[in-house]
Amino acid sequence: MNPQDFDPKHFISNLTSRPGVYRMYGKGVLLYVGKAKNLKNRVSSYFRASGLTTKTMALVSRIDDIEIAVTKSETEALLLEQTLIKQHRPPYNILLRDDKSYPYILLSEHKHPALLFRRGSTKTKGQLFGPFPSGTAVKESLNTMQKVFKVRQCEDSYYANRSRPCLQYQIKRCSAPCVNLIEDVEYANDVRHAKMFLEGKDNELTQEITLQMTDAAKSMEFEKAALLRDQIVQLKHVQEQQNVYGQTGDADVLAAIIQPGGLCVHLMIVRQGKIIGSKSYYPKMPLDMSEGELLSTFIAQFYIGNNDLPKALITSHEVDDSDIIVEALFAKAGKKIELISSVRGQRARWLDLAKLNAEQGLQSRLLDKRNHFSRMVALQKLLGLIDPPKSMECFDISHSSGEATVASCVVFGTEGPEKKRYRTFNIEGVAAGDDYAAMRQALTRRYKRVKDGEFEAPDVLLIDGGKGQLTQAESVLKELGLVDIFLLGVAKGITRKAGLETLYIGSKEDEVVLPPDSAALHLIQHIRDESHRFAIKNHRQKRDKKRRHSVLEGIEGIGPTRRANLLTAFGGMQELLSASEEDIAKVKGIGVKKAAEIYSFLHKN
């Protein structure tokens, strides 16, 4: 396979398991939009070896790219999918989607309006509310409203032929407007309340039912109070705000993230309180900059000259020169916009979702096989290798003031990180904080096994550290006779900022500082940061395990139960150290003999 081709297996291996929406493209054209409770599982189902329909196989054969938008729930994914399908009308959604369309509630246009279940478009005149997550959700909503508002839910043909009330009236689910058992004004008021509820203006209704519940409880009508309580729960459940359908308003939400090796600005478009689309942008960064500077540059280029501006721009970081940008946008479009980064409530939830998508988008891009290959080629040119390296290893040391020292080894191959080949080395027998000795021990243990043929030698060995650490690597490889491994050292520059690292290529004397937008530097940073992350993770596990170790574990015959009894009886180790043998002997399960052993062990020094 050409490294520049879309590789679904590699894409899926790095895909999140969160809920969300996936968009499938072929030659830049959006082919299909789908939702998933688990994006990894759902997308992988399209690329299984068997069991696909002919139409699905036709879709899969055209896919050369997939984009995802992460949501916080499956419901949000469903609603966003529906919005994107309506907006873009992808061709394969018509072929592949279920015949069922999204369910709505219709408030009919009638002298005595009805609340009706409908799917998709309808010829009946009236106002549609929805879409809802499922048909069950609509039926639960209608059932709730029958109890609370008693608005009819029968079809007009049934209504027109009634001469006496139906069963719904008998069980107090309808006020029987069909036979004039309720005044038109009162019925219209019930309809207005039902409409308020469907529009989300249900606070007054909930308060009223709450008062009724309180009065019923005071009157000792507990069964009625319980029913009213259930109605309140149902009202809150049905009308629960979703992140996709929140408060009304127009806004563009922008989240920026900068990591060594790449950066991303995720734009989420909200109109009338609904997320109608989102897209991740990956601009090049020739200079070192902050997220605020990145957002300032992006907003200026994206919005100045664009007359279709939202009412607000919500950003993940405070934007540099925000006042100047607002004035420039006003001068061009004649429209005053709000540019804010400190938000609460629904806006904060939108911003959290945009941040999550920016993180997922950048991670996906960094792990993309095509992007990884181009960086490997750039590294090949930098190092002067005949072919792109097939295997690279990177070592890092982590400890807390010399405690629980751990060395990590991460491995990158032609498709990116190969986590099954990662290794951790618990460093023993070196002076606390001696990183050089720790690095030497880890390299010796690893490359002795390489020399013995247990592991394949990497093409490139990357050492995170300065000249001193590189010296340790040179010495170990020379002693073991492994002279074909290319050594590459990376050290933080004087400013210690990402993008300004100093590289030692092949030796301590050959120093290079690459520009921040170098693809080779991005690959080196990615490997270095992954090694650092892996080392810290394992160091913390080792440190925490050591700190959880109890001194009492060294006493023969004192198991978990007796240790727990001792610590519970005295409240902690300090109190136990201050206790006498007699006091220790009084603890359940200890006795005089064992108390003497415990006291002796604790005070032997």
Spacing of CG belonging to Leu462 relative to CG belonging to Leu503, to within rounding of 0.5 Å: 8.5 Å
Side chains of Ser280 and His266: is there a donor and an acceptor less than 3.5 Å apart? yes
Can you confirm if the NZ or CZ of Arg446 lies within 45° of the ring axis of Phe455 and under 6.0 Å from the centre of its six-membered ring? yes
Is it true that, when you exclude Arg423 itself, more than 12 heavy atoms of the residues, nucleotides or ligands shown sit nearer than 6.0 Å to its CZ? yes
How long is the gap from CZ on Phe412 to SG on Cys394, to the nearest 0.5 Å? 8.5 Å
Less than 4.5 Å apart, any side-chain heavy atom of Leu351 and any of Ser316? yes
Would you please name every residue forming a side chain to side chain contact (heavy atoms under 4.5 Å, CB included) with Ala457, sequence neighbours left out? Val450, Ile485
Taking atom CG of Leu339 and atom CG of Asp323, what is their separation to the nearest 0.5 Å? 8.5 Å
Side chain proximity check, Leu385 to Asp459, heavy atoms < 4.5 angstrom: no
Look only at the side chain of Glu293 and the backbone of Ser290, and say whether a donor-acceptor pair between them is shorter than 3.5 Å. yes
Cationic N near anionic O, under 4.0 Å, Glu338 to Arg347: yes
NE2 on His317 to NZ on Lys355, rounded to 0.5 Å: 7.0 Å
Centroid-to-centroid, Phe302 to Tyr281, below 6.0 Å? yes
If the test is side-chain contact (heavy atoms from CB on, under 4.5 Å), which one of Ile524, Ile463, Leu461 qualifies with Leu488? Ile524
Does Glu67 have more than 12 heavy atoms from other residues, nucleotides or ligands lying within 6.0 Å of its CD? yes
Pair Arg528, Ser531: side-chain N/O donor-acceptor within cut-off below 3.5 Å: no
Just verifying a value: how many Å separate Leu15 CG and His10 NE2, rounded to the nearest 0.5 Å? 11.5 Å
Can you check whether Leu295 reaches Thr297 side chain to side chain, under 4.5 Å on heavy atoms? no
For Glu456, does the CD atom sit with more than 12 other heavy atoms under 6.0 Å from it, leaving out its own atoms? no
Is there a side-chain contact between Leu353 and Val253 (heavy atoms, below 4.5 Å)? no
Spacing of CG belonging to Leu521 relative to CZ belonging to Arg375, to within rounding of 0.5 Å: 10.5 Å
Does Tyr22 have its ring centroid less than 6.0 Å away from the ring centroid of Tyr46? yes
